[in-house]
Colleague: 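First the structure, which I've put down as structure tokens, then a few questions once you've had a look.
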Amino acid sequence: MRSTMRRWTVSNSVSVCWSVCVVYLLVVSVTCGSACPVQRALRVDNSSSASTSTSGRHVRSYVHLQGDVRQRKLFSFQKFFLRIGKDGRVNGTKRKDDPYSILEITSVDVGIVAVRGLSSNLYLAISKRGELYGARVYGINCRLKERIEENGYNTYASAEWKNKKRQMFVGLSAHGRPLRGRKTRRKNTATHFLPIMV
Ligand SMILES: *[C@@H]1O[C@H](CO)[C@@H](O)[C@H](O)[C@H]1NC(C)=O
Ligand SMILES: *[C@@H]1O[C@H](CO)[C@@H](O)[C@H](O)[C@H]1NC(C)=O
């Protein structure tokens, strides 16, 4: 009697385990979509033409930047795409086909990203004085603190510089012009961007 009971319990718990597994796999495959780590890794490998044919996830043309790489556009709350021009000027464009608005966002640290313009090959940077510009070489001005705000938009603040203890953010005016970091606030929608898949 007791052994039957035990056998039932064992087989029952095995099947419960299976169901949990199946449900988990279903959930993962449904919710993961294009954000799946494996797919991301594949996309990175495919897009990093600069790396060799033996390239893996960790072999890239710029070894100092590690971690996850995402190709995105940053779409402002005021409906401009942030662009980094060849001349290092940063502003907004309404054009959907502007190649200078295609950006590569790389995690360089926990909560810190680097944003590089693919066409200009310049990094989005905030200087000590709060100027927004495209930097040729990756440096401390290019380290941006990425945070999701309450409205679902992201903000990008200098991870290095502050103005009177206030953070300085990447921002575009209502006319698509770059904002001085000193004039930016987290609550101001001029600093709010949606990363859009390219
Ligand atoms: C991946 O790379 C191959 C060869 O370079 C190319 O033909 C293909 O279109 C790429 N796929 C994607 C999804 O970019
Ligand atoms: C942004 O800069 C580009 C190139 O200098 C210019 O063509 C464009 O009109 C500017 N956009 C805005 C909204 O000022």
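Note that ligands are numbered from 1 as they come in the structure, with each ligand's atoms numbered from 1 the same way. When reading the values below, keep in mind they use all heavy atoms of this one structure, side chains included, and skip hydrogens, waters and symmetry mates.
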Colleague: Is there a donor-acceptor contact under 3.5 Å from the side chain of Thr191 to the main chain of Phe169?
Modeller: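 Flag not set: sc Thr191 to bb Phe169 has no pair under 3.5 Å.
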Colleague: Can you sort out which atoms of ligand 2 are near His175, meaning under 4.0 Å from one of its heavy atoms?
Modeller: 13 (C)
Colleague: Can you tell me which residue and heavy atom of the protein come closest to atom 4 (C) of ligand 2, and the distance to 0.1 Å?
Modeller: Arg83 NH1, 3.5 Å
Colleague: Is the distance between the ring centroids of Tyr153 and Phe77 less than 6.0 Å?
Modeller: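 So the answer is yes for these two rings.
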Colleague: Test your reading of the model: is there a side-chain donor-acceptor pair from Ser127 to the backbone of Arg129, 3.5 Å cut-off?
Modeller: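 Yes; judged by distance alone, with no hydrogens or angles, the pair exists.
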Colleague: If the contact criterion is a heavy-atom separation under 4.0 Å, does Lys94 count as touching ligand 2?
Modeller: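 Lys94: no contact with ligand 2 (<4.0 Å).
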Colleague: Looking only at protein heavy atoms, which one is nearest to atom 5 (O) of ligand 2, and how far off is it?
Modeller: Arg89 NH2, 3.8 Å
Colleague: Distance only, no hydrogens: is a donor on one side chain within 3.5 Å (strictly under) of an acceptor on the other, for Asn154 and His192?
Modeller: no
Colleague: Got an N/O contact under 3.5 Å between Asn91 and ligand 2?
Modeller: yes
Colleague: With Lys94 as the cation and Phe80 as the aromatic partner, state whether NZ or CZ is under 6.0 Å from the six-membered ring centre and within 45° of the axis.
Modeller: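 Yes, a cation-pi geometry.
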Colleague: Look at atom 7 (O) of ligand 2 and say whether a protein heavy atom is found at less than 4.0 angstrom from it.
Modeller: no
Colleague: How about Asn141 and Tyr133: does a side-chain donor come under 3.5 Å of a side-chain acceptor?
Modeller: yes
Colleague: Just to check, does Gly92 reach to within less than 4.0 Å of ligand 2 when the distance is taken from its heavy atoms?
Modeller: yes
